[in-house]
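Numbers for residues simply follow the sequence, beginning at 1. Any value given below was found using the heavy atoms of this structure, including those in side chains, with hydrogens, waters and symmetry copies removed.
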Amino acid sequence: MTKTILITGSTDGIGLLTAQTLAAEGHTILLHGRNAAKLAAAAKTVGGTAEQYIADLSTMAGVHALADDIRKKHSQIDVVINNAGILKAPITVTEEGYDIRFMVNTFAPYALTQDLMPIIAKDGRVVNLSSAAQAPIDLDALFGRKQLDDMEAYAQSKLALTIWSREMAKEQPDGPSIIAVNPGSLLASKMVKEGFGLAGNDLSIGANILREAALGEAFAKASGKYFDNDKGQFAQPHAAALDTALCADVMQGIKGVLTQQH
């Protein structure tokens with residue numbers, strides 16, 4: 001059975017390689033990027049019936065427009081891979097006043113998933129790209145009241161993503177499965193090269209686990225779980241993700257951001 005699969009941030013890195021892997025199996029891939037030329041090049045690389053969607057996920061308007069564009073063309077999608085992420089940026093505060101890492105890595109995938117939830121198949125999957133870098137969340141930073149350095153903002157945004165993956169899974173008991181995945185540390189992505197000056201490990205380590213998370217049997221009943229590909233197994237996320245009070249505050253905050261921006 002061929003599936004319809006959306007992959008955000010799929011013009012390079014793990015996103016592009018995952019798109020190629022899944023397209024080669026005959027699935028319909030919905031590619032997303034910010035840059036039209038890069039998006040067209042990615043579609044050429046991926047081949048098959050890849051569709052192109054351009055959107056800036058650093059604004060809530062961009063997120064909602066992306067969901068609208070997809071819903072105009074599709075009455076059902078099977079898998080959403082929230083892969084788009086950011087570590088460094090020339091300007092780190094968005095027009096709406098949020099740290100761009102929280103916006104792109106946490107709020108945007110949450111809003112996009114919520115917008116698409118009516119058309120995501122109940123037996124489908126939402127795969128959220130978390131990270132081994134997770135750090136307890138400073139709520140002032142989450143709401144844009146405080147600036148953090150690049151790595152702190154990134155690590156906190158990834159913990160917030162992991163928290164909402166677990167919490168949204170509880171809100172969707174009938175599916176789809178919602179899973180946070182650390183695809184592997186220091187893979188050879190543009191982000192790793194820019195952030196750490198390292199060539200990085202084989203990207204296929206990440207692409208293979210994302211393919212597995214999207215379609216593999218082991219992930220079918222894994223909603224709410226966290227998969228750590230450094231360990232090659234489901235594992236506990238950062239201890240802060242298990243703090244009930246913090247999770248409640250973070251969820252209230254994320255939902256509050258969405259309400260304000262709608």
Novice: Is Ile86 reachable from Val93 through a run of hydrophobic residues whose side-chain heavy atoms are each under 4.5 Å from the next?
Specialist: no

Novice: Is Leu142 reachable from Leu242 through a run of I, L, V, M, F, W or Y residues, each pair having side-chain heavy atoms under 4.5 Å apart?
Specialist: no

Novice: Just by distance, do the side chain of Thr106 and the backbone of Met103 share a donor-acceptor pair under 3.5 Å?
Specialist: no

Novice: So do the side chains of Ile205 and Asn229 get within less than 4.5 Å of each other, counting heavy atoms only?
Specialist: yes

Novice: Salt-bridge test for Glu152 and Lys158: reply yes if a basic N is under 4.0 Å from a carboxylate O, no otherwise.
Specialist: no

Novice: So, His238 side chain and Ala240 main chain: donor-acceptor pair closer than 3.5 Å or not?
Specialist: yes

Novice: Got Asn105 and Leu161 here, is their nearest side-chain heavy-atom distance under 4.5 Å?
Specialist: no

Novice: Hey, is Glu25 close enough to Arg211 for a salt bridge, meaning N to O under 4.0 Å?
Specialist: yes

Novice: According to a 4.5 Å side-chain heavy-atom criterion applied to Ile, Leu, Val, Met, Phe, Trp and Tyr, with indirect links allowed, do Phe234 and Leu215 form part of one hydrophobic cluster?
Specialist: yes

Novice: Dump the intermediate steps for side chain to side chain contact (heavy atoms under 4.5 Å, CB included) on Leu129 and Val181, then the final yes or no.
Specialist: CA-CA 5 Å; Leu129 257 80; Val181 176; 5.7 Å; no

Novice: Can you tell me if Gln147 and Thr92 form a side-chain donor-acceptor pair at under 3.5 Å?
Specialist: yes

Novice: Tell me whether Asp78 is salt-bridged to Arg125, with the criterion being a basic N under 4.0 Å from an acidic carboxylate O.
Specialist: no

Novice: Quick check for you: to the nearest 0.5 Å, what is the distance between Ile178 atom CD1 and Lys170 atom NZ?
Specialist: 12.0 Å

Novice: For the pair Phe227 and Phe219, name the ring-plane relationship: parallel under 30°, tilted 30 to 60°, perpendicular over 60°.
Specialist: tilted

Novice: Mind checking whether Asp228 and Gln233 have side chains closer than 4.5 Å, heavy atoms only?
Specialist: no

Novice: Just by distance, with hydrogens left out, do Asn182 and Ser131 show a side-chain donor and acceptor under 3.5 Å apart?
Specialist: no

Novice: With a 4.5 Å limit on heavy-atom distance, are the side chains of Ile119 and Ile70 in contact?
Specialist: yes

Novice: Quick one: OG on Ser130 to CD1 on Ile179, what's the gap to the nearest 0.5 Å?
Specialist: 13.0 Å

Novice: With a 4.5 Å limit on heavy-atom distance, are the side chains of Val127 and Leu210 in contact?
Specialist: yes

Novice: Please answer whether the main-chain N or O of Leu148 pairs with a side-chain N or O of Asp99 as donor and acceptor at a distance below 3.5 Å.
Specialist: no

Novice: Would you give the length of the straight line joining atom OG1 of Thr113 to atom CG of Leu6, rounded to the nearest 0.5 angstrom?
Specialist: 9.0 Å

Novice: So does Gly85 get a backbone contact from the side chain of Arg101, meaning a donor-acceptor N/O pair under 3.5 Å?
Specialist: no

Novice: Ion pair present between Asp140 and Arg145, side-chain N to carboxylate O less than 4.0 angstrom?
Specialist: yes

Novice: Could you check whether atom CD of Glu95 has more than 12 heavy atoms from other residues, nucleotides or ligands sitting under 6.0 Å from it?
Specialist: no

Novice: Between the side chains of Glu51 and His74, is a donor N or O closer than 3.5 angstrom to an acceptor N or O?
Specialist: yes

Novice: Side-chain heavy atoms nearer than 4.5 Å, only ILVMFWY residues, links allowed to pass through others: does that put Met168 and Val250 together?
Specialist: yes

Novice: Would you say the side-chain atoms of Ser10 and Asn83 include a donor-acceptor pair closer than 3.5 Å?
Specialist: no

Novice: For Gln134 and Tyr226, which I'm curious about, is there any donor-acceptor pair between the side chains at under 3.5 Å?
Specialist: yes

Novice: For a 4.5 angstrom cut-off between non-hydrogen side-chain atoms, does Ile7 reach Leu22?
Specialist: yes

Novice: Please determine whether side chain to side chain contact (heavy atoms under 4.5 Å, CB included) holds for the pair Trp164 and Glu171, giving the CA-CA distance in whole Å, both sets of side-chain angles, and the decisive distance to 0.1 Å.
Specialist: CA-CA 10 Å; Trp164 81 243; Glu171 294 167 6; over 6 Å; no

Novice: Between atom CG of Leu39 and atom NE2 of His32, what is the distance when rounded to the nearest 0.5 Å?
Specialist: 8.0 Å

Novice: For the residue pair Lys146 and Asp138, establish whether any side-chain heavy-atom pair is separated by less than 4.5 Å.
Specialist: yes

Novice: Should we say atom NZ of Lys122 is surrounded by more than 12 heavy atoms from elsewhere, each under 6.0 Å from it?
Specialist: yes

Novice: Hey, could you give me the CG/CG distance between Asp68 and Asp115, rounded to the nearest 0.5 Å?
Specialist: 7.0 Å

Novice: Less than 4.5 Å apart, side chain to side chain, heavy atoms only: is that true for Thr28 and Ile5?
Specialist: no

Novice: Testing the 3.5 Å rule here: is there a donor-acceptor pair between the side chains of Ser58 and Thr94?
Specialist: no

Novice: Give a yes or no on whether the backbone of Ala55 and the side-chain of Arg34 come within a donor-acceptor separation of less than 3.5 Å.
Specialist: no

Novice: How far does CD of Gln172 sit from CE of Met117, to the nearest 0.5 angstrom?
Specialist: 4.0 Å

